[in-house]
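The figures here come from the full heavy-atom set of this structure, side chains too, leaving out hydrogens, waters and symmetry mates.
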Amino acid sequence: MTIDTEHLKGLNKEQREAAIHMKGPLLIVAGAGAGKTKTITHRIVNLIKEGVAPERILAVTFTNKAAKEMRERIILEIQKNVQSTQEQEKIPFVSTFHSLGVYIIKENAKLLGLTKYFTILDEGDATGLIKNILKELGIDPKQYDPKKIKNIISREKGKFTHLADYGEREEGTMGKIVAQVWNLYEKRKMKENSLDFDDLLLKATKLLKDNIEIRKIYQEKWEYIHIDEYQDTNEVQYLMSQMLAENNKNITVVGDADQNIYSWRGANLKNILSFEKDYPDAKIVLLEENYRSTKNILEAANIVIKKNKYRPDKNLFTKKETGEKIGLYEALDENDEADFVATKILEIVDNGASVPWRGVLQADEPRDSDPTTIVSSPLSEMAILYRANFQSRALEEAMLRYNIPYQVLGVKFFERKEIKDTLAYLRAALNPENLSDIKRIINFPARGIGKVTLVKIFAGETETLPIKVRIKINNFYKTLEEIKEKIQNSKTSDVIKFVIKKSGIENELSSGTEEDTERLENIKELATLALKYDNLSLASKSGEQAGLENGLGVERLLEDASLASDQDSLMMSGEKKEKVNAVKLMTVHASKGLEFNYVFITGLEDGLFPHQRQNETEDFDSEEERRLFYVAITRARNKLFLSFANFRTIFGSRNINAPSKFISDIPADLLEKEGEKAGIKTIYI
């Protein structure tokens, strides 16, 4: 059979090899900046051109942002390369793991004792529920931190541990308290028709594992499975992937052991390292050509990561220029370090350091601009990375001092109070059993319904309340019914507008302080965001031809809001905010998947980066810290700066620091000291 290769012209030899592989398991080991998204996209398009129905293809990744990008690129390539109009209208199922879990659970909600309008608790709601349970049990939340208990439960669920097994295993006081809280936590969620993040994976996977008929349905539905960032999968995600691919074995996983940096979230490095053992006939393709960074940056990254033992051998290379040396600055303290970063940014701007973008088709993060276009907003092409969130304080102060626009990545749009309040009205309208949402909004805006009244409502004793209070409660629930009716008959953006008017939120915030005005603007931004869900909101008149259900747009908005990561929140809080000409400040963890022309890695001191953990084991935690440094280095396209401080104030104590061992891993001929070129020499006393 002759393969039509026109759509494969932009791929290098290894990318092409992965794209044309048809049957059986495939492992794509993709180094940083090696064009993995492009490879997966072209592989999926090739499958369609070879006769595979688009709806038989599944592609799963970790963030909404990555899924959105992949979906858009697949649609674009299908339109360019697939001639059939009928095939162009169909697209593969592209989602995050959690969204896939939601999809499977909603299709089988009755089997799980849920309705299709179940609520997804975010981290704050789940932790708050656990805090309430602790109080009910007479356990002091200050002594037994609700967040810590939530994290223990989350970690165990990620390992596919069930409550009964955990209760039998744990014997200590903390273990017994966790088991007791976990038991009530599950009962409360079931009563309120709600799930937490971990349930979305656990319940969907358990359903596939326990029910052969349902497992077969999804195995037949998706003949070809693609899993992105496979090194970040936990035990539940690993099991879900295996079960879906069990029949056809047409599973393609893409990942890089050197970028496994989420073990604290349950990511298991062995999943990618054991792929060949799990699938003995697997084809392995190594993507080593980097289209992002200069030769100097890549050489430093390669040398640093080679010190790790638990990794398949690979060596990134590039056809790009050698590039500038890596800048190294030795600061007196964190304020001196922040001043260096700020003044260096101004120096880059003053020198007009706009750079041509090359290799756009090969990059993981595609640009809208032409490859020859000069980037005219250098601030948006700069990132300051740090190991721990507390480091941002000094850096933010320096940005303000030098009047440099900046954005802190990690402040979630969907975690703002006014946004959570508005979304809570939508969730409560669809799922009035969820007492957490009712509690949140029943007296916002103020309706004169106090805590004592709330207790009686939840206890089913509403009839014992005074007539005036009962009228207020009835009016509140009538408002929820009107919102539900609006959801089922209107566009998503119109529903948001209706909620803020009908609930009284708009009136409450319109005549308030400047802060209230900003909150109202944020809610209006939510209405703007909702426009992209409008085409999902209205079914056809029969409700059958379109294959959509009334209110689908609102459901999707609620799902995306609940599952948004730090990177997603920047994207989803309004596309215009992504294009702001401002320096980005973020942790190294948050930077994964991003890239910038100029990158500053700050705080390179032993104990901070690499981070010193309690009970650290050299072979595990230390290697992950080195992988984290490798991720930080490979975010840079053109110029990389490293800095450390001799003194740093942490928790009120001024500490003397040694430079990070990672700095000494980089050969001296790749480094140049900053602050000395102009004849400046700093003497520390």
Side-chain angles (χ1 to χ4, degrees), residues 324 326-351 353 377-411 566 570 580-591 594 596-612 628-629 632-633 635-636 638-660 662-663 671-678 680-685:
E324 295 183 53
I326 297 168
L328 176 64
Y329 184 71
E330 178 181 355
L332 173 61
D333 57 19
E334 66 268 28
N335 296 315
D336 180 30
E337 179 185 51
D339 274 353
F340 159 71
V341 172
T343 53
K344 180 57 69 174
I345 287 170
L346 291 177
E347 181 186 317
I348 292 168
V349 173
D350 289 343
N351 290 338
S377 301
L379 286 180
S380 62
E381 292 296 347
M382 300 181 196
I384 307 170
L385 310 183
Y386 36 83
R387 179 63 182 83
N389 278 304
F390 77 84
Q391 292 173 252
S392 72
R393 182 197 58 80
L395 294 163
E396 286 189 67
E397 286 178 359
M399 295 299 107
L400 292 168
R401 197 159 52 246
Y402 288 91
N403 200 28
I404 299 172
Y406 71 94
Q407 287 180 306
V408 180
L409 181 59
V411 180
D566 292 348
L570 184 68
V580 170
N581 186 23
V583 178
K584 305 295 189 294
L585 276 69
M586 69 193 83
T587 64
V588 181
H589 281 100
S591 75
L594 304 178
F596 303 89
N597 287 335
Y598 302 91
V599 171
F600 296 82
I601 306 176
T602 61
L604 280 164
E605 299 130 34
D606 270 340
L608 182 55
F609 199 2
H611 204 66
Q612 186 65 47
L628 195 57
F629 185 49
I633 292 173
R635 299 311 94 198
N638 300 293
K639 178 71 178 181
L640 177 66
F641 297 93
L642 311 176
S643 61
F644 66 94
N646 287 288
F647 301 92
R648 187 176 297 275
T649 304
I650 301 177
F651 300 124
S653 299
R654 191 169 171 83
N655 302 325
I656 302 174
N657 308 306
S660 170
F662 294 154
I663 294 174
L671 298 170
E672 62 179 359
K673 289 189 176 180
E674 295 287 338
E676 296 182 1
K677 286 192 281 190
I680 301 170
K681 179 148 180 85
T682 306
I683 300 174
Y684 298 133
I685 300 175

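- Ring planes of Phe600 and Phe340: perpendicular class, angle over 60° (limits at 30 and 60°).
- Between Gln391 and Glu334 the shortest side-chain heavy-atom distance does not fall below 4.5 Å.
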I'd like to know whether Val599 forms a side-chain contact (heavy atoms from CB on, under 4.5 Å) with Met382, so could you lay out the CA-CA distance, the side-chain angles of the two residues, the decisive distance to 0.1 Å, and finally the verdict.
CA-CA 6 Å; Val599 171; Met382 300 181 196; over 6 Å; no
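- Looking only at side-chain heavy atoms (C-beta outward), Asn597 and Pro378 stay at 4.5 Å or farther from each other.
- Minimum interatomic distance between Ala632 and Ile601 (heavy atoms only, all atoms of both residues): CB-CD1, 3.5 Å.
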Evaluate the side chain to side chain donor-acceptor pair (under 3.5 Å) criterion for residues Glu396 and Tyr406: first the C-alpha distance (whole Å), next the side-chain angles of each, then the deciding distance (0.1 Å), finally the verdict.
CA-CA 8 Å; Glu396 286 189 67; Tyr406 71 94; 2.8 Å; yes
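- Note that CD of Glu324 is 7.0 Å distant from OH of Tyr598, once rounded to the nearest 0.5 Å.
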Start with the C-alpha gap between Phe629 and Val588, add the side-chain angles, then the distance that decides, and say whether side-chain contact (heavy atoms from CB on, under 4.5 Å) holds.
CA-CA 8 Å; Phe629 185 49; Val588 181; over 6 Å; no
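- Leu379 approaches Pro405 most closely through the heavy-atom pair CD1-CD, 3.7 Å.
- Within the model, atoms OG1 of Thr587 and CG of Leu385 stand 8.5 Å from one another, a figure rounded to the nearest 0.5 Å.
- We find the CZ-CG distance between Arg648 and Leu332 to be 11.0 Å, quoted to the nearest 0.5 Å.
- With salt bridges taken as basic N to acidic carboxylate O contacts below 4.0 Å, one links Lys639 and Glu672.
- Side-chain contact between Met399 and Ile345: present, with at least one pair of heavy atoms (C-beta onward) separated by less than 4.5 Å.
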Give the intermediate values and the outcome of side-chain contact (heavy atoms from CB on, under 4.5 Å) for residues Phe641 and Tyr329.
CA-CA 8 Å; Phe641 297 93; Tyr329 184 71; over 6 Å; no
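- Atom NZ of Lys344 is separated from atom CD1 of Ile384 by 13.5 Å, given to the nearest 0.5 angstrom.
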Under the side chain to side chain donor-acceptor pair (under 3.5 Å) criterion, do Asn646 and Glu330 qualify, and how do the steps go?
CA-CA 7 Å; Asn646 287 288; Glu330 178 181 355; 3.2 Å; yes
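- Heavy atoms only, all atoms of each residue included: Phe644 and Ile663 are closest at CD2-CD1, 3.6 Å.
- Put simply, the side chain of Arg401 reaches to within 4.5 Å of the side chain of Asp339, judged on heavy atoms.
- Nearest heavy atom pair, residue Tyr402 against residue Ala342, reads CD1-CB, 3.5 Å.
- Between Asn657 and Glu605 the shortest heavy-atom distance is ND2-OE1, 3.5 Å.
- Each of Leu585, Val341, Leu608, Leu642 was compared with Thr602 under the side chain to side chain contact (heavy atoms under 4.5 Å, CB included) criterion, and only Val341 meets it.
- Side-chain N or O atoms of Ser380 include none that pairs as donor or acceptor with a backbone N or O of Ala582 at under 3.5 Å.
- Annotation: the span from Lys584 atom NZ to Gln407 atom CD amounts to 4.5 Å, rounded to 0.5 Å.
- Between Phe596 and Leu594, some side-chain heavy-atom pair lies under the 4.5 Å cut-off.
- A distance of 12.0 Å separates CG in Asp333 from CG in Asn655, rounded to the nearest 0.5 Å.
- When all heavy atoms of Ser643 and Glu337 are compared, the closest pair comes out as OG-OE2, 2.8 Å.
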